[in-house]
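In what follows, a structure is listed as structure tokens, so that the remarks can point back to it.
Only a predicted model underlies this, so the values are computations on that prediction, with no experimental measurement involved. Read the numbers this way: they start at 1 and go in the same order the structure lists the ligands and their atoms. Numbers for residues simply follow the sequence, beginning at 1.
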Amino acid sequence: MNESIKKEFILANDVTIPCIGYGTWQTPDGETAVRSVEAAIDSGYRHIDAAAAYENEESVGEGIAKSGIERSELFITSKLWNSERGYQKAKAAFDKTLSDLRLDYLDLYLIHWPASPSQFPDWEEINLETWRAMTELYKEGKVRAIGVSNFTPRHLEALVKTEVVPMVNQIEYHPGCMQEETVSYCRKYGIQIEAWSPLGTGRVLSHPLLLELGKKYGKSAAQICIRWCLQNQVLPLPKSTTPSRIIENIDIFDFEISGSDRELIDCIGDFGKSGLEPDSIDF
Ligand code: A2P
């Protein structure tokens, strides 16, 4: 194993988080989700990234239960969906997610998307009320760490002034989408960045530079993306329902991308972005 990468990150509240997570977005509910989660845990993933909006949490929970791995060895994240913002609704949504996942605590709970000014005149208040519920769940010990997803500095500004600063911000991050402003803002406040769509949902995998670097390092373009994330101190959450790719995506600890090659990837420029912007989403 290459020693320059630790297999964990430490969050601001000293909670240890496995440095790569298995994503479950767009994983079909039912047998596919159950089998994929089991396969991921069997392949060595100890961190599963779920969300109520993925509409597969019961199956993800079944996969976790079937894995036979002790709960304390797993790190399970879920996210609060947009329709459940606000203090009361957030608390009820958390209980449903916990029961769907068949768990009695979560390791990490995130606000999936910020309420934004284009949708709500009182967006800041909504985010703060939701955050109040998250903070309470954290203080009650129902979740070991709390954070947000898709928040930019404008949405984070109010939250970082509260008693509990978010520990994580999960954003779109892959070669071609680096969100520098958000990343540097989060670093200033000790907020760990996680990458959703670290492979650009497959869109970036045909980029000639990634293919060329794959050849150079004897790895696939997907492995280059995942390793590049990690070397940038960003926690990747690759998703696959294909058993061989599930294994491939965690087989990234035996090589290191050189500084100059990382810079080449950093310089790809805008490429393969989802186009989802927190201030213009309509969901
Ligand atoms: P599949 O689930 O059919 O294996 P992201 O994590 O960026 O959202 O990307 C997920 C997409 O990339 C899925 O369509 C997934 O397909 C595909 N994918 C995941 N891992 C790999 C891989 N190692 N090589 C090629 N495609 C992959």
Protein residue, atom and distance nearest to atom 20 (N) of ligand 1, heavy-atom basis: Asn249 ND2, 3.0 Å

Check the side chains of Tyr138 and Asn13 for a donor-acceptor pair under 3.5 angstrom, ignoring hydrogens and angles. yes

Describe, in one word, how the ring planes of Tyr22 and Tyr45 are oriented to each other, choosing from parallel (under 30°), tilted (30 to 60°) and perpendicular (over 60°). perpendicular

Please find out if less than 6.0 Å separates the ring center of His112 from that of Tyr54. yes

Under 4.0 Å from one or more heavy atoms of Pro238, ligand 1 contributes atoms 6 (O)

To which protein heavy atom is atom 9 (O) of ligand 1 closest, and what is the distance rounded to 0.1 Å? Thr201 CA, 3.3 Å

Numbering the atoms of ligand 1 from 1, which are under 4.0 Å from a heavy atom of Thr242? 1 (P), 3 (O), 4 (O)

Is the contact between Ala221 and ligand 1 made by the side chain, the backbone, both, or neither, using heavy atoms and a 4.0 Å cut-off? neither

Heavy-atom nearest neighbour in the protein, as seen from atom 12 (O) of ligand 1, with distance rounded to 0.1 Å: Gly202 N, 3.8 Å

So does Glu70 have more than 12 non-hydrogen atoms from other groups sitting under 6.0 Å from CD? no

Quiz question: by atom type and distance under 3.5 Å, do the side chains of Ser36 and Thr32 form a donor-acceptor pair? no

Would you say the side-chain atoms of Arg227 and Gln231 include a donor-acceptor pair closer than 3.5 Å? yes

Taking heavy atoms and a distance under 4.0 Å, where does Ser197 meet ligand 1: side chain, backbone, both or neither? both

closest protein heavy atom to atom 24 (N) of ligand 1 is Arg245 NE, 3.6 Å

For atom 15 (C) of ligand 1, what is the closest protein heavy atom, and at what distance to 0.1 Å? Lys239 O, 3.7 Å

Heavy atom of Gly23 under 4.0 Å from ligand 1? no

Contacting atoms of ligand 1, where contact means under 4.0 angstrom from a heavy atom of Leu205: 25 (C), 26 (N)

Counting heavy atoms only, name the option from Thr32, Thr241, Thr27 that's nearest to atom 2 (O) of ligand 1. Thr241

So is Gly200 in contact with ligand 1, going by heavy-atom distances below 4.0 Å? yes

Would you call the rings of Phe151 and His155 parallel, tilted or perpendicular, where under 30° means parallel and over 60° means perpendicular? perpendicular

Cationic tip of Arg71 above Tyr105 ring, under 6.0 Å, 45° of axis: yes

So, Glu263 side chain and Ser258 main chain: donor-acceptor pair closer than 3.5 Å or not? no

Glu248 versus ligand 1: do any nitrogen or oxygen atoms come within less than 3.5 Å of each other? yes

